[in-house]
Every structure is written in C-alpha cells, then in structure tokens.
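Throughout, protein chains are lettered first and strands after them, A, B, ... in sequence-line order, and every chain is numbered starting at 1.
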Amino acid sequence: MDIPSKYDPKRVENHWYDYWMEHNYFFSKPDKREPYTIVIPPPNVTGVLHMGHMLNNTIQDVLIRRARLMGKNACWVPGMDHASIATEAKVVAKLKEQGIEKADLSREAFLKHAWEWKEQYGGVILEQLKKLGCSCDWNRTKFTMDDDMSASVIKVFIDLFNKGLIYRGYRMVNWDPEAQTTLSDEEVVYEEKQGKLYYLDYPIEGTDEKVTIATTRPETILGDTAVCINPNDERYQHLKGKQVVVPICERVIPIIEDEYVAMDFGTGCLKVTPAHDENDKQLGEKHNLEIIDIFNPDASLNSFGMHYEGKDRFVVRKAIVKELEEKGFLSKTEDYINKVGTSERTKAVIEPRLSDQWFLKMEELARPALDAVTKTGDVKLFPKKFENTYRHWMENIRDWNISRQLWWGQQIPAFYYGDGEDDFVVAATAEEALELARAKSKNSELTSASLKQDEDVLDTWFSSWLWPISVFGGILEPDNEEVNYYYPTNDLVTGPDIIFFWVSRMIVAGYEFRNERPFENVYFTGLVRDKQRRKMSKQLGNSPDALKLIETYGADGVRVGLLLSSAAGNDLMFDEDLCQQGKNFANKIWNGFRLVNSWEVAEIEQPEASKMGLAWYRAKFNQTLSEIEDHFSKYRISDALMAIYKLVWDDYSSWLLEIVKPPYQKPIDRKSFDEVIDIFEQNLKLLHPFMPFLTEEVWQYIKTRSPENALVISEWPRVQEADANLIDSFSMAAEVISGVRTIRKEKNIAMKESLDLYLINEEKLSSNWDVVIQKLTNISSVSYVDQAVEGALSFRVKSNEYFIPVKGAIDVEAEIKKISEELKYTRGFLESVMKKLSNERFVNNAPEQVIAIERKKQADAEAKIETLEKSLASLEG
RNA sequence: GGGCGCUUAGCUCAGUUGGUUUAGAGCACCUCGUUUACACCGAGGGGGUCGGGGGUUCGAAUCCCUCAGCGCCCACCA
C-alpha cells in the first residue's frame, strides 16, 4: 500500500472532525472526574473568523485537549455575544438598503428583523472554529440573548437595584450621535486631532470693555450660561460681579469665580457650557447655572441654535467662526492639538450629553475582585504585568453606565407610572411591576396600560459579565448540579484589550453572585499584527483570510504557525512563513510515520545500537516531557510546543530513527520495532493538542482502533525519571558523530566510503556508543590508542582526541591552522577562567560549588591544550 | 501629565533568586548533498562588545542610577 510522501490535510481534516463529533468526544456532563472548564470569549454574533480569534481559540483548544488527555472532564463552552451596538448597526444598515428606516418601525417590528438577521447571518464564526479543530461542546452553545441568559441578566439587574447599587441619574454621558446611544467610558477612544483654539471677545454688559475667552468649540457659545475666572487672578479683579453678553445670541450671563480655572491656560477666562462639558456641568451645579442644551440627538443644532438650527455641529463650527469674525468677536485663532473622544464602534466624535441613564455603583463591588488578583492570588493573570493595569483600574473605578439607547438587547426592567423622578418600579414582568407600582404609588387604580417600560436596553457587557455563571444556569438556579460542578472555571483566554470591559467585570460578578472567582487563570494573548507591526484591520486589508490559510497550510499547520512565536501577552507578528513552518512540521511527522510503516519486521536479534538509541530516547523523552509540563504550568504554550517540535524533529527523526533504521531492504527486529511504535505513539499524544488532525490520522493509520481508543481521548504520558547519564554520554557521542561528519564534509569523503576511527580516550567515554557512532558515520572500526596517529585527520571532543587516517597526503598546513585556532580559543578561555581563580576575593567569597566548576573548567581546558599542543608538535615535527 | 513595560544574532524571542564552558533557540542566510521516510529534506557553517554611559559586586544580559528610542494603559484644563 502506497502512502503519499506528502501529508494532505484537506483529505483528512473534515473526516476526523466528523468522527470526533459522531463519537461525542467533546460532550461533557458532570461526573466523578475532576472538571476542567473553559468558557469561550463569546465572539460577536456579527463576527467572522479573524487572526485574533484563530490564535485565541487555538490556545483554548490546546488547553482543553491536553486536559482531556490528562483524564479530566474537559468542558469548553462555546457561544456568541449579541453585541448590541454592532449588531443593531448592521441590521439598521441592512434595513436601510431595503428602504426601511428604523425610526419608522415599532420596537417589536425592529426586533423581529434583528432576530431574522441573527438566524440568517449570525454564528458563521462558530462553524469556522470547527474548521480550526476547536473541540467545544457544541451541545452547550449559548447566546447572550437566549431566554435563560436574558432572564439571568434581568434577575441580576433587579437584585442589584434592590441592593441599592443601581441608580438612575441625570448625568453627563458619552453620546455617540451616529449610533444615537450612550457609550461607556471604555468604549471611547481618544484621538489626537489638529484643531484650533479660538479667542472670542465677550462684551461686558454696560461698558465698552470686553473679555476674551479661548475655546475649541465656538459653536457651543449658544449654550453658554456663564464666564468663569479664577478669583486669584490679578488681571480680572475688575470683572467680579459683572455680566457679559454672549455674542450672536446676546444672552446676558454672569461672570463667576472659581479656582478651577487655570490662570496659565488660554486667557485665564473660561466660558461655561454646562450642557456640553463634564467640567462645565460641575461648575454649573456649584454655581447654580442654567443648563442650555443646544443639540439634537444627532448632534445637529436645535432651536437654541437660532439660525443654525438643523445644521450639523461641524458645519456650524465653520459658519459661526465666520460670523463671529465678520461681527468682530473673533480676536485670533491658534493651532491646537487636542484629544478628541471618538466612538470605538462608529468612529463618530463623542458628544458629552446630559441625559437620564442607569448606573451601577462599582466601588464596593470591585473590592473583592481587586483583592483576588492583587492580594490573595485567587485569580492569576498571565503575563503578570497586567496585574498592575488591573489594580490601577480597580482602585480608581467609576460607576458603570449600563443603559444604552438601543433596542437590540435586554430591555431595562424599569416601569414608570408617573412623571416624578421616583415614579417607577423595577420588576421582571409587567404584572409584578403593576403590583409594585400600585403599592408604591398607593394608587390601586393603576392599570397595566398606565405603566411604561424604560425604552433603553442594557450594555452588552452587562450580560457577558455573567457568562461563566449564566452558561451553567448559575444565576437562575444558583444551586444546580452543572454550576456546582463546572464553576469556578479553570482558564480564561482572551485579549488584554477587554481586561476592563469584560475580565474585571466577570471577576466582580463572580464574587458578587457566587462568592467565588469565575476562573483561576487568565491568559492574555497579544494582538496579531502584520510583519510591519501594523494592527490587522479591514481598512488596511492586511488581514489574511483565515479559512484560506487553513486551506493552504492545513489547520494543524496554521495552529502551529500561530503558536510558535506567541508568548503570552506578546503581540504576534504574523507571517505566512510561520504557517509554512507548521505545514513542514506536519509533513515531517507524516514521513516519520511513513518510514516506520515501511519496515518489514522479522524475528531477529536486536542490534546493540538500536538498544542504546532507544534507551537514550526514553531518557530524552522524559526529560523533555518534564520541561513541557513546566512550560504548561507557566502558560508558556509556545515554549511547550517548541520543546515538542525539537524532540520530534531532532531527537526522534534525526537521531533515533537514523539509529534504529534497518539496512536497505533488510527487516527490523521485532523488539526495536515495537518500541519505536510505542515511542511514536507517545510523541503523537504530546503533539495532539497542537496538531489534532494529523495526529489522529496517523494514530488511526498505525493500528486499527476502536472509537474507545481514539487519540483524542487517549492518555497523556506521565513524567518518569530520565537517566541523565545516558543523555550526557549520548551528547558526547553525538559530538563525535558530528566531528566525523565534518571531516567527511571538509575532505569531500563520500558517506559510502567507510573509514577507521582511532581515539585517545582521556574522558573514559563508554565504548557502548561506538556501535552507534559507527552506524551513523560509516566507521568500520574503532580503536583505542595511547598516542596520536601520524598522518591522520583529527578532531577533539572535550579532552578526547580522535583520528581518522585517510588515503593520500593530508594538508598539513590546513591541519596546523585548524589546531592553532582551536588552541588559541582554548587558551583564551583558560585565561578567563584563571583570571577568576587567581582573584583572591573570588576564591574567598564565591560559593564552593562555583569555584569547583571553575576548577573543572581549568582542568578540562588544560587537558585539551595539552592534547592540542601535542598534535601540533607532531604535525610540525 | 501620571503609571507600566520593552530594547539580547537579519527576524521573532528564551535567558527563572547575579556565577555549568568568553550568551541560547526557531526561522532566515551561506556551503555541500538526487544516501533507498521526508528537497515541505539531510549534513555542515557563518552571525551578537546583550540600546548608550555610569555605579554596586570577587563576578552583571541579569541589581541600582542616568540618557536615548519604542510600546501599552490611565487621565483629559477650555
């Protein structure tokens, strides 16, 4: 039977994924085993697979698959996030294409469209994750707007409201005029923009004098309700108690005094617009100023904008500057770079806006979550550096604006029965609300028709912060079997960009609603960038098509490529060459299998070389395995993979297989063969979390396996003691092999021409390795001698000296040169050692062990120098 | 403006409490090779005064100071 020399991922990947699904290997339910749980960071329902997802989910799959192999009850919960702003924007855009305006639809009609959209387009990404090999328990797929998930959100809202932690407030919020909704502070991105500072003259009422203020937003003068000076400002003492006239609208406003004003910025005179600036609003409250809101929700001017009514704020800015200039109010303009808040989602410039919003008090809630990371270590962040970021945030936490002026999401369960500030109740259903409202208003005449539910929905993160609990029903049924078994989860893998949005809030929710951490470890991946360190983005078009990559390199190749150079928290400079490396590795493993598979087995004696090689590999394997375990324990996934990569490529393929390989067209002995197969299977187990498809394919090719014996559910090898002596002595033998190969190469001696090897065994190296050396270098005899062999090529390993007599004259001069160089290096080395040893203070202060090491170095170097000098003398003599 | 972090071979990074050869890996590079698993390969090789300067120490890539460059987070005085 012919096996192709190239591994073809396309041929096998779908097959094995179907096989895994068919046999329910990813399915998890509570049992006696130890659980190992990961909840997926739910991708947006609008999302398509990009490189960030690939990296993130590959890491999760590695962790889950390894846990499964370790005999744990591995449970990876997949799902999607309803992503209110993003999704609503997509649906609005789609409707617009069909000529439908959201404003013309009822809430119910819009939501119907939204759900239709979700059913039709949503969740593509989950199908794509399957292509990547993700072993999620798909039976558990959750959506943050599933009935039970929404019910959990509402329950939590009511609970927090009843605890007095949720309040309604008329506050300055970040308004996105394009999406026409509020954003939380975290959703605002500040960008440096070249702007101008306009100096405007305000006439002082009843005089010919004027006062000059500086502003970046001249259009807001129509909302001015005061001018403020610093009471300590010598320049403006004469203005105290006076009033000024606002240009254009000619409103008369007071001059107030407050130390808040910086005397050294601008003119030291500040215009106060309480409706459109957070600081101005605070000034306004302090000084009882009128609030004049001049904007419509879309940031066009309203009737306070006078002749600018209906025009956009930026249009008005230009126009009003012109008008001010014409009328002589503009004294000068300066270039000014300021940071402008923009919407993370729509990129629109944020407008500070006063409105009724819902807030969650965070300070008290945050405390246990802060301690869990910074004090008790109940929650560990990888890499650790993010603990600082986290601490800083949690220590300065602000109240969370949880209302959004959207329809797609969980509608806030507040019901109004009157116009008073406090005329509302919070309840899960309209019926309960009515009952509460009747009691609260002491009006038994109230009917459901007179109740009006709050129009707004809750911030998407207000549902996803419950994710690790709510996916197991832990909010609605806090004592159910599932949540008791799976919660707290083990590892969370996500990006550092959502540490505040999501990670910190989940920790808060965990302690508040279950009195327990939501997860033990958080692994932060880096950002996937391109070769030039640019972020991957649609606009730049530098983001490769994820599915195309899988098509080209195979899922395993892409997984390995992504993982090879991505330490936790480090950005990954993605380059397709990495996937090529992954693909090459897959092929290497494939061919390692092909070779073994081609061997004919016979009942013959096991060659000594094979016996040695196999014993050595066992030791090497165990040594590497313990390194791998160490890497995993520190979440150094790339390092773990690299260790396996080298084990399989170098130790297994290049050394072991070459050592045990039977001569051409000769059979291999049964014992060696069985052992190689066993070793290969152990390798496949280590590789499986990283390269699930290839390894399962090969695993099932080696032997016929029943579904109970699939690789995906086999057993992760246990660390056994590694024989360090075997490893050391082999590495010396490997150097000898390398020495012979170098000579062959330098002298152009073909491999098929056999050679004789002589050695002066100063190191007392065991002769057991001779058979291995002979086999790998085609040496026909090894002889132990006391003296240098005349007229032979030579090389040294430590203080051992090796000689290979060759036909014809050797190039004495070249030999002398080579030896002289080696001598020079060794003498230099010895010198550096002696410098230390002859330093009294070193000898007196350094630990004994360190001195012993230096003495050993000295002895080795001296022995080697002696050898080299002898060789040199004999050559020159 | 405040805070955190980074700077080690061409590239991406290791280097664990300062001491195991005058610094390691993978990739890339160079040379040779159609050896009967694999050219998606094999063998061999070159390449770094550990960002600059100063200090502590018997000893510094590793600790301290300083300068330079880069990145991230937070704040946001018109």
Nearest-Å distance, CZ (A/R741) to P (B/rG33)? 17 Å
Name the nucleic acid region contacted by A/W599, choosing base, sugar-phosphate or nothing; use a 4.0 angstrom heavy-atom cut-off, strictly under. nothing
Given that both distances must come in under 3.5 Å, which nucleotide forms a Watson-Crick or G-U wobble pair with B/rA37? none
Using atom P in both nucleotides, what's the gap between B/rC4 and B/rC67 to the nearest angstrom? 16 Å
Distance, rounded to the nearest Å, where A/N591 contributes CG and B/rC38 contributes P: 6 Å
Which whole number of Å gives the distance between the P atom of B/rC58 and that of B/rG47? 35 Å
Within the structure shown, what part of the strands sits under 4.0 Å from A/R398 by heavy-atom distance: base, sugar-phosphate, or nothing? sugar-phosphate
Which part of the nucleic acid, if any, lies within reach of A/R217 when heavy atoms closer than 4.0 Å are counted: base, sugar-phosphate only, or nothing? nothing
Ignoring the backbone of A/K646, work out which of B/rU31, B/rA37, B/rA25 is nearest its side chain. B/rA25
Which of B/rG15, B/rA37, B/rG44 is nearest the side chain of A/R636? It is B/rG15
Taking 4.0 Å as the cut-off, does a side-chain nitrogen or oxygen of A/R529 come that near to OP1 or OP2 on B/rC11? no
With heavy atoms under 4.0 Å as the rule, sort A/D571 into base, sugar-phosphate or nothing. sugar-phosphate
Across the strands shown, which category fits A/Q858 at heavy-atom distances under 4.0 angstrom: base, sugar-phosphate, nothing? nothing
Quick check for you: among B/rU22, B/rU16, B/rG26, whose closest atom lies nearest to any side-chain atom of A/K634? B/rU16
Checking A/Y553 against A/E576: is there a side-chain donor and acceptor pair closer than 3.5 Å? yes
Report the residue (A/I737 or A/F386) whose heavy-atom-nearest nucleotide on RNA chain B is the more 5′ of the two. A/I737
Between A/N778 and A/S754, do the side chains contain an N or O donor and an N or O acceptor separated by less than 3.5 Å? no
Is any side-chain N of the basic residue among A/K10 and A/E551 closer than 4.0 Å to the acidic one's carboxylate O? no
NA contact type, A/N570, heavy-atom cut-off 4.0 Å: base, sugar-phosphate, or nothing? sugar-phosphate
Any chance the rings of A/W393 and A/Y390 have centres within less than 6.0 Å? no
Between B/rG19, B/rA37, B/rC32, which nucleotide gets closest to the side-chain atoms of A/A846? B/rG19
Answer with yes or no whether A/E658 presents, from its side chain, a donor or acceptor under 3.5 Å of a partner atom in the base of B/rA37. yes
Suppose you measure atom C1' in B/rU16 against the same atom in B/rA23; what distance do you get, rounded to whole Å? 16 Å
With a 4.0 Å cut-off on heavy atoms, is A/N388 in touch with a base, just the backbone sugar-phosphate, or nothing at all? sugar-phosphate
Length of the CG-P vector between A/N396 and B/rG1, whole Å: 20 Å
Students often get this wrong, so: under 4.0 angstrom with heavy atoms, is A/L270 touching a base, only sugar-phosphate, or nothing? base
Check every atom of B/rU20, B/rC40, B/rC58 against the side chain of A/N845 and return the nucleotide holding the closest atom. B/rC58
Taken to the nearest 0.5 Å, the spacing of A/K864 NZ from A/F829 CZ works out to 10.0 Å
Using a heavy-atom cut-off of under 4.0 Å over every strand shown, decide if A/T742 touches base, sugar-phosphate, or nothing. sugar-phosphate
For the residue pair A/K196 and A/Y336, would you count it as a cation-pi contact if the rule is NZ or CZ under 6.0 angstrom from the ring centre and within 45 degrees of the ring axis? no
Searching all strands shown, indicate the nucleotide that pairs with B/rC70 (Watson-Crick or G-U wobble; both distances under 3.5 Å). B/rG5
To the nearest angstrom, the CD1-P distance between A/I743 and B/rG45 comes to 12 Å
Of the candidates B/rU21, B/rG44, B/rC38, the side chain of A/F829 sits closest to B/rU21
So, is A/N584 close to the B/rC41 phosphate, meaning a side-chain N or O under 4.0 Å from OP1 or OP2? yes
B/rC73 phosphate, OP1 or OP2: any side-chain N/O from A/K385 under 4.0 angstrom? no
Is the distance from OP1 or OP2 of B/rC13 to the nearest side-chain N or O of A/S638 less than 4.0 Å? no
Nearest-nucleotide pick for A/A262, side chain only, options being B/rG42, B/rA78, B/rC74: B/rA78
Contact class for A/Y645 vs. all strands (heavy atom < 4.0 Å): base, sugar-phosphate, or nothing? sugar-phosphate
What integer distance in Å separates A/H392:NE2 from B/rG5:C1'? 15 Å
Taking only the C1' atom of each, what is the distance from B/rG45 to B/rC50 in whole angstrom? 23 Å
Describe the nucleic acid contact of A/P847 in one word from base, sugar-phosphate, nothing, applying a heavy-atom distance below 4.0 Å. base
Measuring only the C1' atom in each nucleotide, how far is B/rU17 from B/rU21? A whole number of Å is fine. 22 Å
Does A/W649 put a side-chain nitrogen or oxygen below 4.0 Å from OP1 or OP2 of B/rG42? yes
Looking only at the aromatic ring of each residue, does the gap between the centers of A/Y652 and A/F680 stay below 6.0 angstrom? yes
Round to a whole Å and report the spacing from CZ of A/F842 to P of B/rG18. 16 Å
Take A/N800 and A/M732 through the side chain to side chain contact (heavy atoms under 4.5 Å, CB included) test and state the conclusion after the steps. CA-CA 10 Å; A/N800 265 14; A/M732 181 103 177; 4.1 Å; yes
Integer angstrom distance from the C1' of B/rG59 to that of B/rG46: 31 Å
Identify whether any heavy atom of A/V843 sits under 4.0 Å from a base atom; if not, whether one sits that close to sugar-phosphate; answer base, sugar-phosphate or nothing. nothing
Over all atoms of both residues, closest heavy-atom pair of A/L527 and A/D571: N-OD1, 2.9 Å
Ranking A/Y7 and A/T215 by the position along RNA chain B of their nearest nucleotide, the one closer to 5' is A/Y7
May I have the distance from A/R391 (atom CZ) to B/rG3 (atom P), rounded to whole angstrom? 15 Å
B/rA78 OP1/OP2 closer than 4.0 Å to side-chain N/O of A/Y336: yes
Considering only the P atoms, how many Å lie between B/rC27 and B/rC40, rounded to the nearest integer? 15 Å
Rounded to whole Å, how long is the line connecting atom CD1 of A/I659 with atom P of B/rU35? 21 Å
Establish whether the base of B/rU20 is bridged to the side chain of A/K857 by a donor-acceptor pair shorter than 3.5 Å. no
Which value, in whole Å, describes the distance between the P atoms of nucleotides B/rG51 and B/rA9? 8 Å
Any strand is fair game: report the nucleotide pairing with B/rA14 by Watson-Crick or G-U wobble, both distances under 3.5 Å, or none. none
Over all strands shown, is A/M642 touching base, sugar-phosphate only, or nothing at heavy-atom distances under 4.0 angstrom? sugar-phosphate
Check whether the side chain of A/K588 and the base of B/rC38 form a donor-acceptor pair under 3.5 Å. yes
Would you call A/K836 and A/E854 a salt bridge, taking side-chain N to carboxylate O under 4.0 Å as the test? yes
Would you indicate what A/N279 reaches in the nucleic acid, counting non-hydrogen atoms under 4.0 angstrom: base, sugar-phosphate, or nothing? sugar-phosphate
